[in-house]
2 protein chains.
Amino acid sequence: MSAEVSTRRQLTRDRLMAAAMVLFAERSVQAASVEEICERAGFTRGAFYSNFESKEELCLEIVRQRGEQLVLTTQEALAAIPEAGLTQNTLDEVLAKILVLFDAGFSLDEHWVLIRGELRLYSYRMPGFRPALLEVERRATELALAAISETLTRQGATLRIPLAELMPVMDAYCERARMNEILTGSPIGGWRQGLEHLLRALVVLPA
Amino acid sequence: MSAEVSTRRQLTRDRLMAAAMVLFAERSVQAASVEEICERAGFTRGAFYSNFESKEELCLEIVRQRGEQLVLTTQEALAAIPEAGLTQNTLDEVLAKILVLFDAGFSLDEHWVLIRGELRLYSYRMPGFRPALLEVERRATELALAAISETLTRQGATLRIPLAELMPVMDAYCERARMNEILTGSPIGGWRQGLEHLLRALVVLPA
DNA sequence: TGTATCCGATACAGTCATGTATCCAAACCG
DNA sequence: CGGTTTGGATACATGACTGTATCGGATACA
């Protein structure tokens with residue numbers, strides 16, 4: 001198994017996964033037939049079954065890939081924030097960091113909001129798939145929480161709710177707000193303001 | 001069209017809808033075939049197509065029914081709360097009211113959490129279906145918000161976020177928390193504590 | 001340059017869901 | 001009590017997806 005071949009294989013895998021994600025968002029995981037996925041990727045079913053055992057395995061692969069991406073882009077984005085930046089006050093810095101997190105990792109772009117919803121429900125029905133999804137979400141949350149808490153303590157700010165609940169609250173709110181924007185066709189980005197309100201309410205600034 | 005016949009018809013419609021809801025939760029809206037729904041309801045496809053034009057219309061009917069139910073049970077539950085009850089302090093009363101709302105109407109029971117997620121995604125793909133779903137959610141939110149705001153002002157309490165955002169935040173959080181309980185198999189009810197934390201953080205008691 | 005291997009295409013058989021068209025039984029009405 | 005209407009069952013034709021088994025071409029390697 002030379003590197004060249006392996007590369008080619010990886011390329012078709014990637015194309016299949018990319019096509020799958022688009023279709024998962026557009027038509028749902030279940031409704032997206034293997035054939036459709038292949039067609040969109042420019043292959044036939046032969047390629048699919050040569051690369052994946054089933055649609056479930058493809059989903060697993062997608063989630064795994066997504067998990068790594070999430071960690072990488074998040075770390076990257078966080079690293080790009082200047083240590084004690086241009087921001088005026090404590091809250092601004094916390095907010096900035098959180099916005100970065102959500103922009104970078106927690107995928108509020110249309111496709112991912114939909115796919116996330118899809119995969120959550122999918123995982124309910126595919127027990128073999130559930131652990132992978134939960135693990136990815138856990139790791140992402142952990143990472144985000146660490147970044148936020150670090151900023152908070154450095155700034156001497158505290159929270160009005162337990163730290164561990166901060167991410168669930170914000171994450172759930174943002175995703176839902178984004179979903180509403182998608183469904184109602186309202187201008188996107190309103191979730192940012194909502195998030196800011198929420199944060200102003202939850203963070204206690206140092207005296 | 002005598003009343004008797006109409007009654008019978010309504011009965012089979014109800015059975016079909018009930019069966020559909022169970023299957024929607026278990027296997028998703030798309031995966032639940034018309035045949036399966038009929039089978040579970042004790043009919044054949046003939047009955048289905050005699051009563052509904054398509055699965056989409058069935059979904060519409062379910063949402064409509066759900067909307068009415070939601071309003072009724074919510075009003076009922078709210079009415080059952082003693083005006084200025086047994087509760088010790090302001091926050092308790094607000095919290096109690098909100099818990100009642102979520103218990104009664106916002107369907108944190110397993111089936112409805114799943115179905116809600118299903119229908120949201122379904123509505124993304126069935127534009128004809130979307131308005132109905134959004135309208136139901138809007139009405140329910142409105143109702144809940146009115147009840148909460150009334151209690152707040154009566155008690156002289158205020159919020160740290162705009163009133164209009166209170167429901168989205170709480171609703172999204174509770175639904176997500178409940179979903180997590182379902183997926184992880186963790187003991188149910190944790191969302192209540194989370195909700196209480198959230199509320200304590202968001203409500204400002206009168207001086 | 002010839003040969004083995006790898007990878008994706010093609011062909012095929014089987015399953016399942018859909019929607020319609022027809023049929024039968026029971027309830028209703030005169 | 002007999003005809004008519006209503007509601008649901010049955011039968012059928014069709015189409016789509018799945019998974020496998022086989023084939024062919026390109027690539028790597030000797």
Side-chain angles (χ1 to χ4, degrees), chain A residues 1-62 65 118 121-122 125-126 128-129, chain B residues 1-62 65 118 121-122 125-126 128-129:
Chain A
M1 186 189 279
S2 79
E4 226 284 312
V5 175
S6 196
T7 293
R8 178 188 175 195
R9 209 167 171 70
Q10 190 55 48
L11 225 64
T12 79
R13 285 173 74 88
D14 286 346
R15 269 167 63 193
L16 283 169
M17 288 197 279
M21 288 191 277
V22 174
L23 281 165
F24 287 173
E26 270 179 18
R27 324 190 359 94
S28 93
V29 174
Q30 295 176 356
S33 71
V34 171
E35 179 133 33
E36 222 172 349
I37 294 170
C38 297
E39 197 178 336
R40 164 119 22 168
F43 293 102
T44 62
R45 280 208 323 291
F48 185 94
Y49 286 106
S50 158
N51 278 282
F52 302 98
E53 193 185 304
S54 62
K55 199 156 73 175
E56 182 175 356
E57 205 213 296
L58 173 90
C59 287
L60 256 165
E61 210 50 53
I62 287 177
Q65 178 184 289
E118 279 293 325
L121 287 164
Y122 187 70
R125 283 143 197 150
M126 309 295 261
F129 176 71
Chain B
M1 185 191 279
S2 78
E4 227 282 311
V5 175
S6 197
T7 292
R8 179 187 174 195
R9 211 168 170 68
Q10 190 55 47
L11 225 65
T12 80
R13 285 172 75 88
D14 287 347
R15 270 167 61 192
L16 283 169
M17 289 197 278
M21 289 190 277
V22 173
L23 281 164
F24 287 171
E26 270 178 18
R27 322 191 359 93
S28 94
V29 174
Q30 295 175 355
S33 70
V34 171
E35 177 133 34
E36 224 172 348
I37 294 171
C38 297
E39 197 178 338
R40 166 121 18 170
F43 293 102
T44 63
R45 280 209 320 290
F48 185 93
Y49 286 106
S50 158
N51 277 282
F52 302 98
E53 194 185 302
S54 61
K55 200 157 72 176
E56 181 175 356
E57 204 214 296
L58 174 90
C59 287
L60 255 165
E61 208 51 51
I62 286 178
Q65 179 185 287
E118 279 293 326
L121 287 165
Y122 187 70
R125 283 142 198 153
M126 309 295 262
F129 176 70

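Chain A is the first sequence line, chain B the second, and so forth, proteins listed ahead of strands; every chain is numbered from 1. Fair warning: this is a prediction, and the values are worked out from it, not measured in the lab.
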I need the [atom1]-[atom2] distance between [X] and [N], as an integer number of Å.
| X | N | atom1 | atom2 | value |
| --- | --- | --- | --- | --- |
| B:L11 | C:dA27 | CG | P | 14 Å |
| A:E56 | D:dG19 | CD | C1' | 16 Å |
| A:Q30 | D:dT18 | CD | C1' | 15 Å |
| B:E35 | D:dA9 | CD | P | 12 Å |
| A:E39 | C:dT10 | CD | P | 12 Å |
| B:D14 | D:dG7 | CG | P | 15 Å |
| A:R45 | C:dC7 | CZ | C1' | 16 Å |
| A:F48 | C:dT10 | CZ | P | 18 Å |

### Task
Give a yes or no on whether a salt bridge exists between B:R125 and A:E118, defined as a side-chain N under 4.0 angstrom from a carboxylate O.
yes
### Query
With the threshold set at 4.0 Å, does a side-chain nitrogen-carboxylate oxygen contact exist between A:E39 and A:R45?
no
### Query
Hey, does A:S33 reach any base, or is it just sugar-phosphate, or nothing, if we go heavy atoms under 4.0 Å?
sugar-phosphate
### Task
Remember a base hit wins even if backbone is also touched, and classify B:S54 as base, sugar-phosphate or nothing at under 4.0 Å, heavy atoms.
nothing
### Query
Quick one: CD1 on A:I37 to CG on A:L16, what's the gap to the nearest 0.5 Å?
8.0 Å
Nearest to the side chain of [X], heavy atoms from C-beta on, is which of [options]?
| X | options | result |
| --- | --- | --- |
| B:T12 | C:dC12, D:dG8, C:dT18 | D:dG8 |
| A:Y49 | C:dA17, D:dT20, C:dT20 | D:dT20 |
| B:V34 | C:dT18, D:dG8, C:dA11 | C:dT18 |
| B:R8 | D:dG8, C:dT18, D:dA9 | D:dG8 |
| B:S50 | D:dA9, D:dC12, D:dG7 | D:dG7 |
| A:F43 | D:dT18, C:dT18, C:dA9 | C:dA9 |

### Task
Scan every strand shown for a Watson-Crick or G-U wobble partner of D:dA30, both distances under 3.5 Å, and answer none if you come up empty.
C:dT1
### Message
D:dG7, OP1 or OP2 - any side-chain N/O from B:N51 closer than 4.0 Å?
### Response
no
### Message
Any side-chain N or O of B:R9 below 4.0 angstrom from OP1/OP2 of D:dG8?
### Response
yes
### Query
Within the side chain of B:E57, is there an N or O that forms a donor-acceptor pair under 3.5 Å with the backbone of B:S54?
no
### Query
Is it true that a side-chain atom of B:E26 and a backbone atom of B:V22 form a donor plus acceptor pair closer than 3.5 Å?
no
